[in-house]
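Since the model is a prediction, treat every value here as computed from it, not as a measurement. Proteins get letters first, then strands, A, B, ... in listed order; numbering begins at 1 in each.
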Amino acid sequence: MTKPFDPASLPPHFDAPAAEKRWDEAWSAAGVYHWDETRGRDETFVVDTPPPTVSGSLHMGHVFSYTHTDVITRQRRMRGQNVFYPMGWDDNGLPTERRVQNYFHVKCDPALPYEPGLTMTQADDKKRKEEKPRIVSRKNFIELCHQVTHEDEKAFEALFRRIGLSVDWRQTYATIDDRCRHIAQLSFLDLVDKKQLYNIESPTMWDVDFQTAVAQAEVEDRDKPGAFHDIEFAVEGGGSFVIATTRPELLPACVAVCAHPDDERFKSYFGKRAITPIFRAPVRIFPSELADPKKGTGILMVCTFGDATDVLWWRTEKLPLRAIIQRDGTLRAVEFGSEEFPSLDAARANAAYAQLVGKGVTQARKLVVELLKDAASAATGEAHAGGTRAPLQADPKPIQHPVKHYEKGERPLELVTTRQWFVRLLPNAAAGTDNQAGLLAKGKDVKWWPGFMHSRFHNWTEGLNSDWCVSRQRYFGVPIPVWYPIADNGVIDHERPLYPSAAQLPIDPMSDAPPGYAEAQRGKPGGFTGDPDVFDTWFTSSLTPQISSHWGLDAARHAKLFPADIRPQSHEIIRTWAFYTIAKAMLHEGKVPWHNVVISGWILDPDRKKMSKSVGNVVTPMKLLEDYSSDGVRYWAASARLGTDTAFDEKVLKVGKRLVTKLFNAGKYVLAQTAEGDVSPAAITEEIDRAFVHELRGLVEKASAAFEEFEYAQALMLTEQFFWSRLTDSYLELVKIRARGEVGDPASRRSAVATLRLALNVLLRLFAPVVPYITEEVWSWVYAEETKQPSIHRAPWPTLADLAAIPLPSDAQSFELACTLYTALNKKKTESGASVGRVVTSTAIAASPTLVSRIAPALADVLAAAKVKAHTLASREPLADTDGFVIDAIEIAPKEARADEAEAG
RNA sequence: GGGCGGGUAGCUCAGCGGUAGAGCGCUAGCCUUACACGCUGGUGGCCGCAGGUUCGAAUCCUGUCCCGCCUACCA
């Protein structure tokens, strides 16, 4: 059945914004993108969508990578797979915390009890300036976070809908919502059960501004100016040496001195004690292979703690602990002459240290350097080299060196001793685990697209140097579900934590009481105290596959959705999001979380810098969506291969917009062609039509194969080339006249119309994953009813079976030959200064004998398209097939007056 | 320092063992009853550099130089 179609009923131009709104509503109403929970796992395609951070705005980088996912997903849906495509919002963590504090002018104190029914409104500048922030409980704070993020989520959803993401909007989550908190806390309990989690008081990388522990994955090196300070120490019993340090302020925390065991300069000192300048603390001098004789002066001071090696030596050499840097980055008060801080001259040491107490690192460094310039600060008062001159040997020598920073922080990280929870990652003989090896293996079980991205994961995993610190001293996050008993003497017993049962989750240990205790016992001897910390946001984010599958809540659903099929993400978070997600899936169930990771590249600005908010070079999507339409923007995104960084280029958006217009016009034209009788594929009888369909077969095969490898960009390029140059520029032009019935018989007219309709039908479906709006629009004119597929996005992806009914052409090149001759005629016309629309009164064509015979079936179409009234076609022996057609002569008719012009004239 | 990716037409990018490609740009012409967001032509590159393998190399190997990213490096 052919549906009647009146092209005059269409607007002259495609109104993209209106269509976008209309189709989004229609798709929602029809549930086109709904996951069918009744279908089995083997028919289902599960996406583990990246939950964007909602306390920010979306930029073209987001549109770019989310479109990649959507294109892949739409093609799978058309292939008949039951697509599960959820959306999450990452509202958990510092960015939201800061935003909410500012928005309402509040501060969180987790020790406060919950105030039911507390409501707040947005604060104004006056309030922020003049009033102190309102202090609220953590539970209230989380409620406020929900309030703000809810608004952000609505804006994000609107944009994601606008760009046509085929998300099942019933499947959404926010990383702080009840279900996510439940699953994150369940993850914790499960890891405790599996002995993969432990808490310990130890030196941990610490951000002194945010006052929280951070994990290895959140640390980045920044090149900062520093300086070597050469400082003379004395050796007990005589002698001295000079150490080099960039951190003289840690001198009071010095616990030992160390040099390479083979270093002749210091060999005789091993086993003796050194005496520090200023504080005159006696410290061990020990040998270690880790000391590099070529670095600095070859001998160094060990402090608790200056760097990771200090921690190592502290452990292996069982050195004393003399911590001086506090959580806020200032130096704490200590008493020299005590057991903890020995000194041969406690009075002098305490007098010096008194100046440092409460100072920050930078200030303390300046003060210590001043003290070191004073001869009176020398390590001993005795008359030997170490006791008669200033300890600082020369002016500090400036250097540039890498300094570890929290990725979101300003000041260098410090190693501060605190109690934290860790997930085991490193091999641990005592625990009998080697998760690092397991992770390396799981990284190979996952397919990485493009494949080289696996090495990012592998390198990172091989370079692990610490277990995963998962506790954070923040407020807006998932609470660590733990309480600690308080002994009768008031001491908190961290060794015997109290855990909730899974049935109680989610809980907040700061407002809920542990099993077997009453709330009144909180903070009392014999009672309990709640752990005030929250999880690293990655602890929750690493569970997105399980959050979607309702792990621990719905076993049947989990079985249908876990592991997922694809994880789309960008490459800079391989070490965090991909890594931790693989870790969690492995530790919980021994599985991979997904079978494929598809990595999008970055959008770079014209200077090839990464587009990011902090750099301030972001392009916001809304204007571009309005100017180029959603399909146009999607075209731009889908033109970039996976894993490839791409410079933002508005030219490509223009091309996308043009394609949309072309599809609209070509669709309108093709569907306006009519013929008497059957115009189904069975009517395709002409040689040239069959040859054209045969080329279409090649396209379907290649585009489908490309999608198998997630090479949507390749599929798009091939489809676009075929559509534009094969269909609209060539085939359409060649058969126009026949389709109008001006040449040939009714059967040949039917054949042309049937071919046009079939080709458009197939091409629309090949384009549908990339440009969902225009393809749906054109599909709706005729095909929706004809095929009983109301939405093209549920229509089957084209296969060779669609074209199987059409016999092969007798010569696969028939169509190509027709194009060759048509082009030759056009070229001759153009060279003669005439437009291709002009009538050719006569022309003389020559070609090889084989070409002359092979062109026969297409000749009528070509001559009609080129408007040739009379021609000769000569076989010419010397010409080869590769010479094509030679136009010996052409005579062009005078320009005709158009009928309407003639009338007007 | 280690690893990965890239260096192809003025620009943005395909191609990755068989005679250099696309779009944009530039240029000469065209209102050709779907489309001027269009059509027909043309212009333009010793495929970073140097070796090697091969009948044949942008395409494989080795070295080298640029660019980017990941990672390491607080004495």
Among B:C13, B:G23, B:A34, the one nearest A:Arg740 by side-chain distance: B:A34
- request: With heavy atoms under 4.0 Å as the rule, sort A:Leu732 into base, sugar-phosphate or nothing.
  value: base
query: What interatomic distance, in whole Å, is found between C1' of B:G29 and the corresponding atom of B:G45?
result: 26 Å
- line: Residues at least two apart in sequence or cross-chain that pass salt bridge (charged side-chain N to carboxylate O under 4.0 Å, His left out) with A:Glu407, listed by chain then number, are none
message: Please classify the nucleic acid contact of A:Thr644 as base, sugar-phosphate, or nothing, using heavy-atom distances under 4.0 Å.
response: sugar-phosphate
message: Are the side chains of A:Met205 and A:Val219 in contact, using a 4.5 Å heavy-atom criterion?
response: yes
message: Would you say CD of A:Glu410 has more than 12 non-hydrogen atoms from neighbouring residues, nucleotides or ligands within 6.0 angstrom?
response: no
task: Mind calculating the distance between CZ (A:Arg575) and C1' (B:C70) to the nearest angstrom?
output: 9 Å
task: Using atom OH of A:Tyr635 as one end and atom C1' of B:C13 as the other, report the distance to the nearest whole Å.
output: 11 Å
message: Under 4.0 Å between a side-chain nitrogen and a carboxylate oxygen: does that hold for A:Lys657 and A:Asp627?
response: no
Please set out all donor-acceptor pairs under 3.5 angstrom arising from side-chain atoms of residues 649-656 of chain A, sequence neighbours excluded.
{"unit_1": "A:Asp649", "atom_1": "OD1", "unit_2": "A:Lys651", "atom_2": "N", "d": "3.0"}
{"unit_1": "A:Glu650", "atom_1": "OE2", "unit_2": "A:Tyr628", "atom_2": "OH", "d": "2.9"}

- request: Check whether any side-chain N or O of A:Gln714 sits under 4.0 Å from OP1 or OP2 of B:C13, and answer yes or no.
  value: no
- request: If the plane angle is over 60° it's perpendicular, under 30° parallel, otherwise tilted; pick one for A:Phe305 and A:Trp314.
  value: perpendicular
Show each protein N/O and nucleotides 35-40 of chain B N/O combination with a separation under 3.5 Å, one pair to a line.
{"unit_1": "B:C35", "atom_1": "O4'", "unit_2": "A:Asn665", "atom_2": "ND2", "d": "3.4"}
{"unit_1": "B:C35", "atom_1": "O2'", "unit_2": "A:Asn665", "atom_2": "ND2", "d": "3.3"}
{"unit_1": "B:C35", "atom_1": "O2", "unit_2": "A:Lys662", "atom_2": "NZ", "d": "2.9"}
{"unit_1": "B:C35", "atom_1": "N3", "unit_2": "A:Lys662", "atom_2": "NZ", "d": "3.0"}
{"unit_1": "B:C37", "atom_1": "O2", "unit_2": "A:Thr661", "atom_2": "OG1", "d": "2.6"}
{"unit_1": "B:G38", "atom_1": "OP1", "unit_2": "A:Arg658", "atom_2": "NE", "d": "2.7"}
{"unit_1": "B:G38", "atom_1": "O3'", "unit_2": "A:Lys662", "atom_2": "NZ", "d": "3.0"}
{"unit_1": "B:C39", "atom_1": "OP1", "unit_2": "A:Lys662", "atom_2": "NZ", "d": "2.9"}
{"unit_1": "B:C39", "atom_1": "OP1", "unit_2": "A:Trp724", "atom_2": "NE1", "d": "2.8"}
{"unit_1": "B:C39", "atom_1": "OP1", "unit_2": "A:Asp729", "atom_2": "OD1", "d": "3.0"}
{"unit_1": "B:U40", "atom_1": "O2'", "unit_2": "A:Thr830", "atom_2": "OG1", "d": "2.7"}

- prompt: Within this structure, what is the CG-to-P distance between A:Leu760 and B:A34, rounded to whole angstrom?
  reply: 15 Å
Detail all sub-3.5 Å separations between protein N/O atoms and N/O atoms belonging to nucleotides 3-9 of chain B.
{"unit_1": "B:G3", "atom_1": "O2'", "unit_2": "A:Asn459", "atom_2": "ND2", "d": "3.1"}

- prompt: Hey, does A:Leu413 reach any base, or is it just sugar-phosphate, or nothing, if we go heavy atoms under 4.0 Å?
  reply: base
- prompt: Hey, is the side chain of A:Lys404 poking within less than 4.0 Å of OP1 or OP2 on B:C73, counting only N and O atoms?
  reply: yes
message: Taking pairing as Watson-Crick or G-U wobble with both contacts under 3.5 Å, can you name the mate of B:C60, or confirm there isn't one?
response: B:G52
message: Taking only the C1' atom of each, what is the distance from B:G21 to B:U53 in whole angstrom?
response: 27 Å
task: Determine the interplanar angle of the A:Trp448 and A:His454 rings, folded into 0 to 90°, and report it as parallel if under 30°, tilted if 30 to 60°, perpendicular if over 60°.
output: tilted
- prompt: Hey, is B:A58 sitting syn or anti, using the within-90° cutoff around 0?
  reply: syn
Separation between the C1' atoms of B:U8 and B:C46, rounded to whole Å: 12 Å
query: How would you label the contact of A:Glu220 with the nucleic acid (heavy atoms, under 4.0 Å): base, sugar-phosphate, or nothing?
result: nothing
query: Would you call A:Glu733 and A:Lys736 a salt bridge, using N to O less than 4.0 angstrom?
result: yes
task: In whole angstrom, give me the gap between the P atoms of B:C37 and B:C61.
output: 47 Å
- line: By the Watson-Crick or G-U definition, both distances under 3.5 Å, B:C31 is matched with none
task: For the pair A:Glu720 and A:Arg658, find out whether any cationic side-chain nitrogen is under 4.0 Å from an anionic carboxylate oxygen.
output: no
query: Choosing from B:A34, B:U12, B:C74, which nucleotide comes nearest the side chain of A:Val403?
result: B:C74
query: Mapping A:Trp313 and A:Gln216 onto RNA chain B by nearest heavy atom, which one lands closer to the 5' end?
result: A:Gln216
Separation of B:A14 P from A:Glu709 CD (nearest whole Å): 17 Å
query: Rounded to the nearest Å, what distance is computed from the NE2 atom of residue A:His229 to the C1' atom of nucleotide B:C74?
result: 13 Å
field: For B:A72, the Watson-Crick or wobble partner whose two distances fall under 3.5 Å
entry: none
task: Could you let me know what B:G15 is paired to, Watson-Crick or G-U wobble, both distances under 3.5 Å, or none if it's on its own?
output: B:U8
- prompt: Watson-Crick or G-U wobble partner for B:C26, using a 3.5 Å limit on both distances?
  reply: B:G42
task: To the nearest Å, give me how far apart CG (A:Leu716) and P (B:G15) are.
output: 13 Å
query: Say you pick atom P in B:A14 and the same atom in B:U33; how far apart are they, in whole Å?
result: 39 Å
- prompt: Passes side chain to side chain contact (heavy atoms under 4.5 Å, CB included), A:Glu831 versus A:Ile890? Steps please.
  reply: CA-CA 11 Å; A:Glu831 281 167 5; A:Ile890 198 161; over 6 Å; no
statement: Between A:Glu572 and A:Gly296, whichever has its closest RNA chain B nucleotide further toward 5' is A:Glu572
field: Identified side-chain contact (heavy atoms from CB on, under 4.5 Å) partner of A:Leu319 from the options A:Val255, A:Thr304, A:Asp310
entry: A:Val255
Expected list for residues 664-674 of chain A: side-chain donor-acceptor pairs under 3.5 angstrom, two or more places apart:
{"unit_1": "A:Asn665", "atom_1": "ND2", "unit_2": "A:Thr661", "atom_2": "O", "d": "3.1"}
{"unit_1": "A:Gln673", "atom_1": "NE2", "unit_2": "A:Tyr669", "atom_2": "O", "d": "3.0"}

field: Nearest-angstrom distance from the residue atom CG of A:Asn465 to P of B:C73
entry: 7 Å
field: Option among A:Glu218, A:Glu220, A:Lys224 that satisfies the side chain to side chain donor-acceptor pair (under 3.5 Å) test with A:His405
entry: A:Lys224
- prompt: Could you walk me through whether A:Trp602 and A:Phe64 pass the ring pair (Phe, Tyr, Trp, His ring centres under 6.0 Å) check?
  reply: CA-CA 8 Å; A:Trp602 286 341; A:Phe64 185 68; over 10 Å; no
- request: Using the P atoms only, state how far B:G3 lies from B:A9, rounded to an integer number of Å.
  value: 29 Å
- prompt: How would you label the contact of A:Phe664 with the nucleic acid (heavy atoms, under 4.0 Å): base, sugar-phosphate, or nothing?
  reply: nothing
message: Under 4.0 Å, heavy atom to any atom of RNA chain B: which of residues 287-294 of chain A qualify?
response: A:Leu290, A:Ala291, A:Asp292
query: Quantified in whole Å, what is the P atom distance between nucleotide B:C13 and nucleotide B:G68?
result: 15 Å
- prompt: Across the strands shown, which category fits A:Ala666 at heavy-atom distances under 4.0 angstrom: base, sugar-phosphate, nothing?
  reply: base
- prompt: Once you round it to whole Å, what is the distance between C1' of B:G23 and CZ of A:Phe722?
  reply: 19 Å
query: In terms of the angle between their ring planes, are A:Phe579 and A:Phe457 parallel, tilted or perpendicular, with boundaries placed at 30° and 60°?
result: tilted
